[in-house]
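Please read the structure below before turning to the comments.
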Amino acid sequence: MTAMTTGPSSRADANRRRILDVALTELLRDPDASMEQIARAAGVVRRTVYGHFPNRETLVGTLVDGAVEAVAAAHAAGREGTEDLAQALAGSVLAVWEVADRYRILVALAQRSVTVQGIQERLAPVRAASTELLRRGLKEGVFVSPLPAPALAHVHEQMLFAVMEAVNNGLLAAEEGGGAPPPPPRGAPRAGPPRSPPPRGGKDVR
């Protein structure tokens with residue numbers, strides 16, 4: 001006879017998901033929120049939170065891992081369905097905006113519970129995908145830049161972090177920072193201020 005899922009197990013899973021959802025909200029509001037604050041906001045006792053996450057570092061690490069997974073999935077989805085490298089680049093950036101709140105927690109916690117190096121290591125697969133896309137675009141003349149692909153990928157990543165930090169610092173409304181802007185016309189948007197037209201019809205991604 002096949003064993004049935006027990007009620008307590010289902011409730012425990014539901015509690016864990018709720019704690020993570022509430023913790024994400026609370027940490028975005030206050031990156032220094034304590035386990036007690038998170039428990040109170042989730043409507044559970046502190047012992048319940050510690051039953052799922054033995055310490056704050058584990059809770060934060062779980063949230064960051066989830067955020068990185070969401071960013072990686074969005075980045076991949078944004079590149080799918082097109083052979084146009086410029087469209088793939090634009091699509092990946094716009095798709096990441098859809099999970100901007102999760103990206104924003106990485107910025108909020110970078111100097112607190114999670115080190116910058118730790119975040120960079122977690123985002124390595126996303127950075128590698130961006131680097132490869134940019135390398136192909138530079139080689140084929142789709143993009144034009146004096147910077148090599150790895151440096152350009154770093155610039156794109158830091159640009160997203162900077163915008164999210166602007167939201168954290170109250171310089172930009174969350175709905176403006178997290179919502180995707182209207183789709184661009186065919187061709188990649190510039191990654192910085194307008195420049196003189198690049199040669200050979202390539203897109204300037206400096």
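- The line from CD of Glu80 to OG of Ser92 is 11.5 Å long, rounded to the nearest 0.5 Å.
- Cluster membership check: Leu27 shares its hydrophobic cluster with Leu24, using side-chain heavy-atom separations under 4.5 Å among Ile, Leu, Val, Met, Phe, Trp and Tyr.
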For residues 34-44, which side-chain N or O atoms pair as donor and acceptor with protein atoms under 3.5 Å away, sequence neighbours left out?
| residue | atom | partner | partner atom | Å |
| --- | --- | --- | --- | --- |
| Ser34 | OG | Glu36 | N | 3.4 |
| Ser34 | OG | Gln37 | N | 3.1 |
| Ser34 | OG | Gln37 | OE1 | 3.4 |
| Gln37 | OE1 | Ser34 | N | 2.9 |

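- Applying the ring-ring contact (aromatic ring centres under 6.0 Å, His included) test to Phe53 and every residue at least two apart in sequence or in another chain returns nothing.
- Separating the CD atom in Gln87 from the CG atom in Leu94 is a distance of 9.5 Å, to the nearest 0.5 Å.
- No side-chain heavy atom of Leu160 sits less than 4.5 Å from a side-chain heavy atom of Val71.
- Tested against Ser130, the residues His156, His75, Arg79, Glu157 include a single side-chain hydrogen bond (donor to acceptor under 3.5 Å, both in side chains) partner, His75.
- A continuous path of hydrophobic side-chain contacts links Val163 to Val96 [ILVMFWY only; heavy atoms under 4.5 Å].
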Just do the side-chain contact (heavy atoms from CB on, under 4.5 Å) check on Thr48 and Ile19 with the steps written out, would you? CA-CA 9 Å; Thr48 300; Ile19 290 168; 4.3 Å; yes
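- Here the side chain of Asn55 pairs a donor or acceptor atom with the backbone of Glu57 at under 3.5 angstrom.
- The two atoms that bring Ala74 and Val99 nearest to each other are CB-CG2, 4.2 Å, heavy atoms only.
- Across every non-hydrogen atom of Leu63 and Ala23, the tightest pair is CD1-CB, 3.9 Å.
- A continuous path of hydrophobic side-chain contacts links Met164 to Leu172 [ILVMFWY only; heavy atoms under 4.5 Å].
- In this structure, CG on Leu134 lies 9.0 Å from CG on Leu85, to the nearest 0.5 angstrom.
- Interatomic distance, CG of Leu133 versus CG of Leu138, reported as 10.0 Å (0.5 Å rounding).
- Between Leu152 and Phe143, every side-chain heavy-atom pair lies at or beyond the 4.5 Å cut-off.
- Rounded to the nearest 0.5 Å, atoms CD (Gln158) and CD (Glu165) are 9.5 Å apart.
- By the 4.5 Å heavy-atom criterion applied to side chains, Val49 and Asn15 are not counted as neighbours.
- Side-chain contact check for Lys139 versus Arg136: every heavy-atom pair is 4.5 Å or farther apart.
- Here Thr58 contributes atom OG1 and Arg56 contributes atom CZ; the two are 11.5 Å apart, rounded to the nearest 0.5 Å.
- When all heavy atoms of Arg127 and Ala153 are compared, the closest pair comes out as O-CB, 4.0 Å.
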